[in-house]
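In the text below, chain A, chain B and the rest are named by the order of the sequence lines, each starting its count at 1. These numbers come from a predicted model, not from an experiment.
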There are 2 protein chains.
Amino acid sequence: MNILWVFAHPDQRSLNASLRSAAVETLTGEGHTVRQSDLYRMNWNPVVSADDYAHDHAERLYVATASSRALHTGTLAADIVAEQDKLDWADAVVLHFPLWWFSMPAILKGWVDRVFVEGFGYGIRSETGGSMRYGDGRMAGKRAMIVTSTGGSEHTVSERGINGALADLLFPIQHGIFWYTGMSVVHPVLIPSADRITPPGYEVAVKELTRRLGSLFTDDPIPFRRQNGGDYDEKFVLREEHSSGSGVRVHVAAPPVRV
Amino acid sequence: MNILWVFAHPDQRSLNASLRSAAVETLTGEGHTVRQSDLYRMNWNPVVSADDYAHDHAERLYVATASSRALHTGTLAADIVAEQDKLDWADAVVLHFPLWWFSMPAILKGWVDRVFVEGFGYGIRSETGGSMRYGDGRMAGKRAMIVTSTGGSEHTVSERGINGALADLLFPIQHGIFWYTGMSVVHPVLIPSADRITPPGYEVAVKELTRRLGSLFTDDPIPFRRQNGGDYDEKFVLREEHSSGSGVRVHVAAPPVRV
């Protein structure tokens, strides 16, 4: 299979860079093809601007509209097009980053901001005019996974840990980017206590990452609800018969019972 | 009072730029002093690198350690120091941005990544060695608020809306950045359906924003739990007697009953 590994760390000698190299070696050894977007090494520009869309600076910039026009007229910046081509090629996308302020480093957020333009990542319509997102969209059929490290211990991002549960912290990415664009999301790989890791701890981390990569295409994805699967009403609000709760977790359906 | 307004939109003719100007005028008219960090206009660099810390590229970069050393030796990059000075000066901080992929635009995320270095935003110890965060820290006593716009309708970010509840989407920022560094957080101001706004709709938005700014220093803040207030155990996990639930919402205490 084809795997796009998007990596965001400023130092090639870092823990995460070593894990990335180990992962790429593992995947390649299993017969997969891996392409990388090593954002720091690429000196990736993370800042959306009118220049991305060959937009006339004298005219007011409506980001969505300008990006869509540039996509359809072939005037998107070349670095954006190159990343879109990698995404179209990939069967799975891995975002790999240290968790900075409970989200992606800016260079990676700006990869998302710039690459997923209107008509590519959002604003996609079906033949009957319905919006294609949350389980549908150009990325449908692909898998996605986050690999991330934290300085803190694992229990601080547990269900009742002070930093918030990892699944909730990552909801804007896993649901709002991956699932929104159509990708199926498998649970993240977390490397906790990253600043205190020991050589034996590193071996454990590599083993766990390797294990998870081995089932990247077979693990049950997080059962986020499909926008167009009947669970939401015409205003995209969850119907009463599907969970009586509130908050982000209502958007995950109960997993199927296995017999 | 002193208010730092951090703004992230690529076009000075945008809806958000107009709202920003109206807000600054209102605040100034009420006798406050406003300083702005207009990140696009400043051509802000959002990418953390060794150069921020005058770090020798031949040595492996440990971001936290290198940033702390640079802070304490006065070798932080000048653009970072200038923003830290504004933060120290401010009584309130407003982050104002269009919600891109359910979070901050990269240029703003990189303002957080670069400015809140170890020893300034995190890794602060009390005299007895305890960590000062989540209600304590260098930013304690300041207020913080998000002003953000979405292309979608308000009900899509409501409690059961498909995009997720706004409070949960903003948890990594409101709890993980503002509250973490010590700031008291007031509820965000949302401008929904931003791409479809009409002149009367704009007047409504200005009025609401003005109203909220009028009570910026008096509104009840979100009652996030204090790390050092007794609710968490020694591993920073919420004690059983404080809410039996899980997920990010357990970190908000029930508001006090008003008699």
So does B/V250 get a backbone contact from the side chain of B/R225, meaning a donor-acceptor N/O pair under 3.5 Å? yes
Who among A/A64, A/P98, A/A58 has the most heavy-atom pairs with chain B under 4.5 Å? A/A58
Which bit of B/E240 comes within less than 4.5 Å of chain A, counting heavy atoms only: side chain, backbone, both or neither? both
Please find the pair of heavy atoms, one from A/V117 and one from A/Y122, that lie closest to each other, and give the distance. C-CE2, 3.5 Å
Residue A/S131 versus chain B: region with a heavy atom under 4.5 Å: neither
Residue, of A/V112, A/D195, A/D233, that accumulates the most heavy atom pairs under 4.5 Å with chain B: A/V112
Please give me the minimum heavy-atom distance between A/R69 and A/T75, naming the atom from each residue. O-OG1, 4.5 Å
Residue pair A/F120 / A/V115: nearest heavy atoms and the distance that separates them: CD2-O, 3.7 Å
Contact winner vs chain A - B/W179, B/F224, B/Y180, B/Y62, heavy-atom pairs under 4.5 Å: B/Y180
Under 4.5 Å to a heavy atom of chain B? For A/F236 that would be both
With the side chain counted from C-beta on, respond yes when B/Y232 and B/H251 share a heavy-atom pair under 4.5 Å apart, and no when they do not. yes
Measuring heavy-atom distances to chain B, does A/L39 have an atom under 4.5 Å in its side chain, in its backbone, in both, or in neither? neither
With a 4.5 angstrom heavy-atom cut-off, which part of A/F116 approaches chain B: side chain, backbone, both or neither? both
A/Y40, part contacting chain B, at a heavy-atom distance under 4.5 Å: side chain
Any chance you could lay out the side chain to side chain donor-acceptor pair (under 3.5 Å) test for B/Y134 and A/N163, step after step, and finish with the verdict? CA-CA 9 Å; B/Y134 291 121; A/N163 292 324; 2.6 Å; yes
If you count heavy-atom pairs within less than 4.5 Å of chain B, which of A/A50, A/G152, A/G121 leads? A/G121
Looking only at A/G247, A/P10, A/A167, A/S14, most heavy-atom pairs under 4.5 Å shared with chain B are made by A/G247
Counting only non-hydrogen atoms closer than 4.5 Å, does A/R249 touch chain B with its backbone (N, CA, C, O), its side chain (CB onward), both, or neither? side chain
For the CG atom of A/L15 and the OH atom of A/Y202, what is their distance to the nearest 0.5 Å? 7.0 Å
Between A/G110, A/G161, A/A165, which has the largest tally of heavy atom pairs under 4.5 Å with chain B? A/G161
Step-by-step salt bridge (charged side-chain N to carboxylate O under 4.0 Å, His left out) determination, A/D231 to A/R226: CA-CA 7 Å; A/D231 291 358; A/R226 298 170 61 89; over 6 Å; no
Under a 4.5 Å heavy-atom cutoff, which of A/W100, A/W101, A/F102 has the most pairs with chain B? A/W101
Identify which part of A/R114 has an atom lying under 4.5 Å from any heavy atom of chain B, answering side chain, backbone, both or neither. neither
I'd like to check A/T148 versus A/L190 (side-chain heavy atoms, cut-off strictly below 4.5 Å). Are they in contact? yes
Sort out for me which of B/P46, B/A106, B/P105, B/S49 touches chain A most, counting heavy-atom pairs under 4.5 Å. B/A106
Would you mind checking which part of B/S153 comes under 4.5 Å of any heavy atom in chain A, side chain (CB onward), backbone (N, CA, C, O), both or neither? neither
Considering all heavy atoms, the nearest A/V147-A/M145 contact: CG2-CE, 3.9 Å
Heavy-atom pairs under 4.5 Å with chain A, option from B/M104, B/R160, B/K109, B/H9 with the top count: B/R160
Only one of B/L169, B/L99, B/L166, B/I173 clears side-chain contact (heavy atoms from CB on, under 4.5 Å) with B/P188; which? B/L166
Measure from the side-chain N and O atoms of B/R133 to the backbone N and O of B/I124, and report whether any donor-acceptor pair falls under 3.5 Å. no
Under 4.5 Å from any heavy atom of chain B - which part of A/H155: both
Specify which of B/Q227, B/R60, B/E159, B/R239 makes the most heavy-atom pairs with chain A at under 4.5 Å. B/R60
